[in-house]
Student: 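Let me begin by handing over the structure; questions about it come next.
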There are 2 protein chains.
Amino acid sequence: MTFERVRPVRAYERVVEQIEEHVLRGQLKPGDRLPSERTLMEQFGVSRSTIREALRVLESNGLVRSRHGDPGGPEILPFSPTTLHKSVTRLVRTDQVGLGELVQFRMLLDGSANLLAAKLATDAEIAEMDIALARMESTIGDGYVQFSQADLEFHDAVARASRSTLIQVCSDVVRGVVLSLITQKIADSPDQQALMRKSLSHHAEVLEAVRDRDGERAARLARQALYAYYAEYVSDAEQPLLEALLEDDAPPPPSFAT
Amino acid sequence: MTFERVRPVRAYERVVEQIEEHVLRGQLKPGDRLPSERTLMEQFGVSRSTIREALRVLESNGLVRSRHGDPGGPEILPFSPTTLHKSVTRLVRTDQVGLGELVQFRMLLDGSANLLAAKLATDAEIAEMDIALARMESTIGDGYVQFSQADLEFHDAVARASRSTLIQVCSDVVRGVVLSLITQKIADSPDQQALMRKSLSHHAEVLEAVRDRDGERAARLARQALYAYYAEYVSDAEQPLLEALLEDDAPPPPSFAT
DNA sequence: GACTATTTGTCCGTATGTATT
DNA sequence: GAATACATACGGACAAATAGT
């Protein structure tokens with residue numbers, strides 16, 4: 001017979017648990033209001049400070065927002081990936097996760113998104129990708145910031161067409177963190193124009209594969225495009241992480257001289 | 001001239017920012033202790049309640065831990081992906097993602113994990129998978145719970161071998177949610193034994209592919225294994241989501257009669 | 001093992017500024 | 001503009017837990 005170590009449970013934690021459960025179960029929907037702090041303190045039978053500590057935690061987790069003096073009480077927020085973003089950013093800043101792993105994960109997500117998009121996208125969704133691609137082309141002269149924005153829209157359109165919320169959100173978060181890490185380096189690059197043109201042609205190839213409903217090709221091209229764009233910023237030690245996602249993709253042409 | 005809307009900054013947020021910065025910059029290392037709450041309240045020039053709210057937030061973000069009565073003061077924690085885990089958990093629990101999408105995402109993650117494991121795993125890591133597989137076999141008679149535990153260890157070993165923290169965390173979370181949704185249905189199934197034996201042989205095939213360093217095959221088999229195991233619990237409407245990840249995997253044998 | 005000093009967990013009261021009606 | 005309800009922040013208090021003597 002073994003006993004588990006008991007962790008002392010503090011009052012504010014119980015409050016957090018209960019409110020969090022209500023929100024996650026959908027019994028409290030975004031836009032709904034929590035009772036005022038004074039009411040909450042009666043309902044939970046705890047002091048004001050305890051309620052406040054609980055609210056601060058919920059607030060930091062992006063579940064509620066309380067505004068100074070709002071008679072409505074704390075507001076239930078819609079889900080937003082900001083906390084995800086913060087978590088990943090922390091992992092990166094503490095060197096738990098390197099740029100290489102981030103790019104690798106992006107290759108996975110974007111490849112999968114394209115695979116699914118090729119199979120599931122409607123004509124309207126493909127049209128959206130067309131528009132985004134056209135915008136990329138037209139912004140090449142306007143500078144990297146505009147181009148990057150259009151590029152973002154393209155990937156977003158693909159992610160939406162994949163029909164997967166998880167892929168959409170994860171892609172969004174990872175892309176944001178990657179860009180925050182290297183956007184400066186690209187902006188400093190002397191041959192931005194060349195980079196953008198290369199990126200544009202890669203995207204065009206991917207879209208063509210999606211249009212042909214060739215998921216495997218779209219996925220492979222998408223991975224290669226990301227590799228071509230980001231690999232030079234990844235340390236040598238992490239290169240194998242990226243290459244592992246490419247090797248089998250482009251099998252060498254059969255050698256006739258064995 | 002345009003002015004931005006000013007978000008009122010609360011006292012505890014400033015405290016959180018400062019401490020967080022110190023931790024993330026490495027000026028405070030894991031194991032170090034923060035000053036006591038009373039000292040902090042002098043240093044920051046705020047009341048104790050404010051300090052406490054800040055500490056609760058930092059605690060919920062996994063950066064510090066304060067124990068009741070510890071004269072050493074709050075302790076700086078080593079970095080762990082627990083907050084990422086929490087965020088992803090909320091994501092999959094909130095946004096009404098269906099079982100189909102969850103299984104689909106698991107197929108993506110587990111497929112990728114096996115692909116990477118096949119290329120990167122050390123012999124020791126493959127040995128761990130061997131052990132987990134053996135445990136699966138030996139627990140087949142002990143019931144579904146034990147088997148599921150061993151199965152979990154197998155997938156965990158694969159995820160570890162993929163060298164990707166992001167894959168590990170996401171896999172862990174998604175797997176947990178999927179299991180919580182259908183574990184009951186499987187437990188009620190009359191032919192558990194048959195299910196387990198089938199699952200076992202699938203896993204053995206995957207491991208063999210990993211051992212052969214054939215990443216593509218390992219990934220394909222892993223996706224197929226998950227599909228075979230979970231597809232029947234997914235609604236008809238969501239079936240295409242899963243099939244989209246299989247179709248091209250096993251191209252039909254060339255038909256000689258066209 | 002018991003005692004003591006320190007610290008955290010929790011509570012209460014109060015003053016101040018804010019958002020809504 | 002005034003009244004009301006509310007959140008923010010402060011300060012003081014006591015109990016419970018911890019670590020060292």
Side-chain angles (χ1 to χ4, degrees), chain A residues 3-20 22-23 28 30-78, chain B residues 3-20 22-23 28 30-78:
Chain A
F3 293 112
E4 293 178 359
R5 171 129 190 100
V6 175
R7 190 179 54 92
V9 178
R10 288 167 283 201
Y12 84 92
E13 290 186 83
R14 317 289 292 268
V15 177
V16 169
E17 280 174 22
Q18 284 200 44
I19 299 182
E20 195 170 13
H22 273 74
V23 174
L28 283 169
D32 287 355
R33 295 307 187 85
L34 242 41
S36 76
E37 294 184 357
R38 286 181 172 81
T39 314
L40 285 172
M41 101 190 203
E42 289 172 7
Q43 294 196 10
F44 284 102
V46 296
S47 80
R48 188 89 187 282
S49 338
T50 303
I51 294 292
R52 304 198 91 248
E53 290 175 22
L55 286 177
R56 294 296 82 80
V57 169
L58 290 169
E59 201 163 9
S60 126
N61 289 1
L63 284 147
V64 306
R65 173 186 59 181
S66 48
R67 283 161 44 208
H68 191 165
D70 187 343
E75 179 183 359
I76 308 291
L77 293 180
Chain B
F3 292 113
E4 292 179 359
R5 173 123 186 102
V6 175
R7 190 180 54 92
V9 177
R10 286 166 288 209
Y12 84 92
E13 291 186 77
R14 315 292 291 270
V15 177
V16 169
E17 282 174 22
Q18 284 199 43
I19 298 182
E20 195 170 11
H22 272 74
V23 175
L28 283 169
D32 288 354
R33 295 307 187 85
L34 243 42
S36 76
E37 295 184 358
R38 286 180 172 82
T39 313
L40 284 173
M41 101 188 203
E42 289 172 8
Q43 295 195 6
F44 284 100
V46 295
S47 78
R48 195 151 91 97
S49 335
T50 304
I51 293 292
R52 304 200 89 248
E53 291 175 21
L55 286 176
R56 294 296 81 80
V57 169
L58 290 168
E59 201 163 9
S60 128
N61 289 6
L63 288 163
V64 306
R65 174 186 58 181
S66 48
R67 283 163 43 208
H68 189 166
D70 187 343
E75 179 184 359
I76 308 291
L77 293 180

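FYI, side chains are in, hydrogens and waters are out, and symmetry mates aren't considered; it's all heavy atoms of this structure. Throughout, protein chains are lettered first and strands after them, A, B, ... in sequence-line order, and every chain is numbered starting at 1. Predicted model, so just to flag it, every value in this text is computed and none were measured.
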Student: Quick check: on DNA chain C, is the nucleotide nearest B:T39 upstream (toward 5') of the one nearest A:E53, or the reverse? Name the residue that is more 5'.
Tutor: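 This one resolves to B:T39.
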Student: Taking the side chain of A:Y12 as heavy atoms from C-beta outward, which of D:dT18, C:dT10, D:dA7 is closest to it?
Tutor: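 Within the option list, the nearest is C:dT10.
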Student: Mapping B:V46 and A:P8 to their closest nucleotides on DNA chain D, which lands nearer the 5' end?
Tutor: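 Between the two, 5'-proximity favours B:V46.
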Student: Any side-chain heavy atom of A:L55 within less than 4.5 Å of one from A:L34?
Tutor: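 Yes, at least one pair of side-chain atoms sits under 4.5 Å.
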Student: Applying the side chain to side chain contact (heavy atoms under 4.5 Å, CB included) test to A:I51, which of A:R56, A:E42, A:M41, A:Q43 qualifies?
Tutor: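 Output: one option passes, namely A:M41.
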Student: Rounding to an integer number of Å, can you tell me how far A:I51 CD1 sits from D:dT8 C1'?
Tutor: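 The distance from CD1 of A:I51 to C1' of D:dT8 comes to 16 Å, rounded to the nearest Å.
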Student: Please report the distance, rounded to the nearest Å, between CD in B:E42 and P in C:dT7.
Tutor: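 So the CD-P distance, B:E42 to C:dT7, works out to 10 Å.
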Student: Please work out if A:R33 contacts a base, only the sugar-phosphate, or nothing of the nucleic acid, heavy-atom cut-off 4.0 Å.
Tutor: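 Since no nucleic acid heavy atom lies under 4.0 Å of A:R33, the category is nothing.
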Student: By nearest heavy atom, map A:D70 and B:D70 onto DNA chain C; which one lands nearer the 5' end?
Tutor: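 That would be B:D70.
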Student: Below 3.5 Å, does any donor atom in the side chain of A:H68 face an acceptor in the base of C:dT18, or the other way round?
Tutor: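 There is none.
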Student: Take atom CZ of A:R52 and atom C1' of D:dC6, then tell me their distance rounded to the nearest Å.
Tutor: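 Rounded to the whole Å, the gap is 11 Å.
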Student: State whether the distance check finds a donor on one side and an acceptor on the other, under 3.5 Å, for side chain B:R56 versus base C:dG9.
Tutor: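 Checked by distance alone, the answer is no.
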Student: Any sub-3.5 Å donor-acceptor pair from A:D70's side-chain atoms to A:G72's backbone N or O?
Tutor: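 Such a contact is found between A:D70 side chain and A:G72 backbone.
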Student: Using a 4.0 Å heavy-atom cut-off across all strands, classify A:S49 as base, sugar-phosphate, or nothing.
Tutor: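 Answer is base: heavy atoms of A:S49 come under 4.0 Å of a base.
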Student: Would A:R7 and A:E13 pass as an ion pair if we require N to O under 4.0 Å?
Tutor: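 Salt bridge present between A:R7 and A:E13.
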Student: Starting at CG of A:L55 and ending at C1' of D:dC6, how long is that distance when rounded to a whole Å?
Tutor: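 It is 13 Å, rounded to the nearest whole Å.
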Student: What integer distance in Å separates A:E13:CD from C:dG9:C1'?
Tutor: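 Value for this atom pair: 12 Å.
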Student: I need the CE-P distance between A:M41 and C:dG13, as an integer number of Å.
Tutor: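 To the nearest whole Å, that distance equals 8 Å.
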Student: Would you tell me if any nitrogen or oxygen in the side chain of A:T50 comes within less than 4.0 Å of OP1 or OP2 on C:dC11?
Tutor: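 It does, given that an N or O in the side chain of A:T50 lies less than 4.0 Å from OP1 or OP2 of C:dC11.
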Student: Under 4.0 Å, heavy atoms only, any strand: does B:R67 hit a base, just the sugar-phosphate, or nothing?
Tutor: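 Sugar-phosphate: the residue B:R67, judged by heavy atoms under 4.0 Å, touches backbone atoms but no base.
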Student: Using only heavy-atom distances, decide whether a donor-acceptor pair under 3.5 angstrom links the side-chain of A:R10 to the base of C:dT8.
Tutor: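 Side chain to base: no pair below 3.5 Å.
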Student: Could B:E59 and B:R65 be called an ion pair, given the rule that one side-chain N must be under 4.0 Å from one carboxylate O?
Tutor: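 No salt bridge links B:E59 with B:R65.
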Student: Figure out the CZ/C1' separation between B:R65 and D:dT18, and round it to whole Å.
Tutor: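 After rounding, the gap between these two atoms is 13 Å.
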Student: Out of D:dA19, C:dG9, D:dC6, which nucleotide sits closest to the side chain of B:P71?
Tutor: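 Output: D:dA19.
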Student: Could you tell me the separation between the CD atom of B:E37 and the P atom of D:dG11, rounded to a whole number of Å?
Tutor: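 Roughly 15 Å, once rounded to whole Å.
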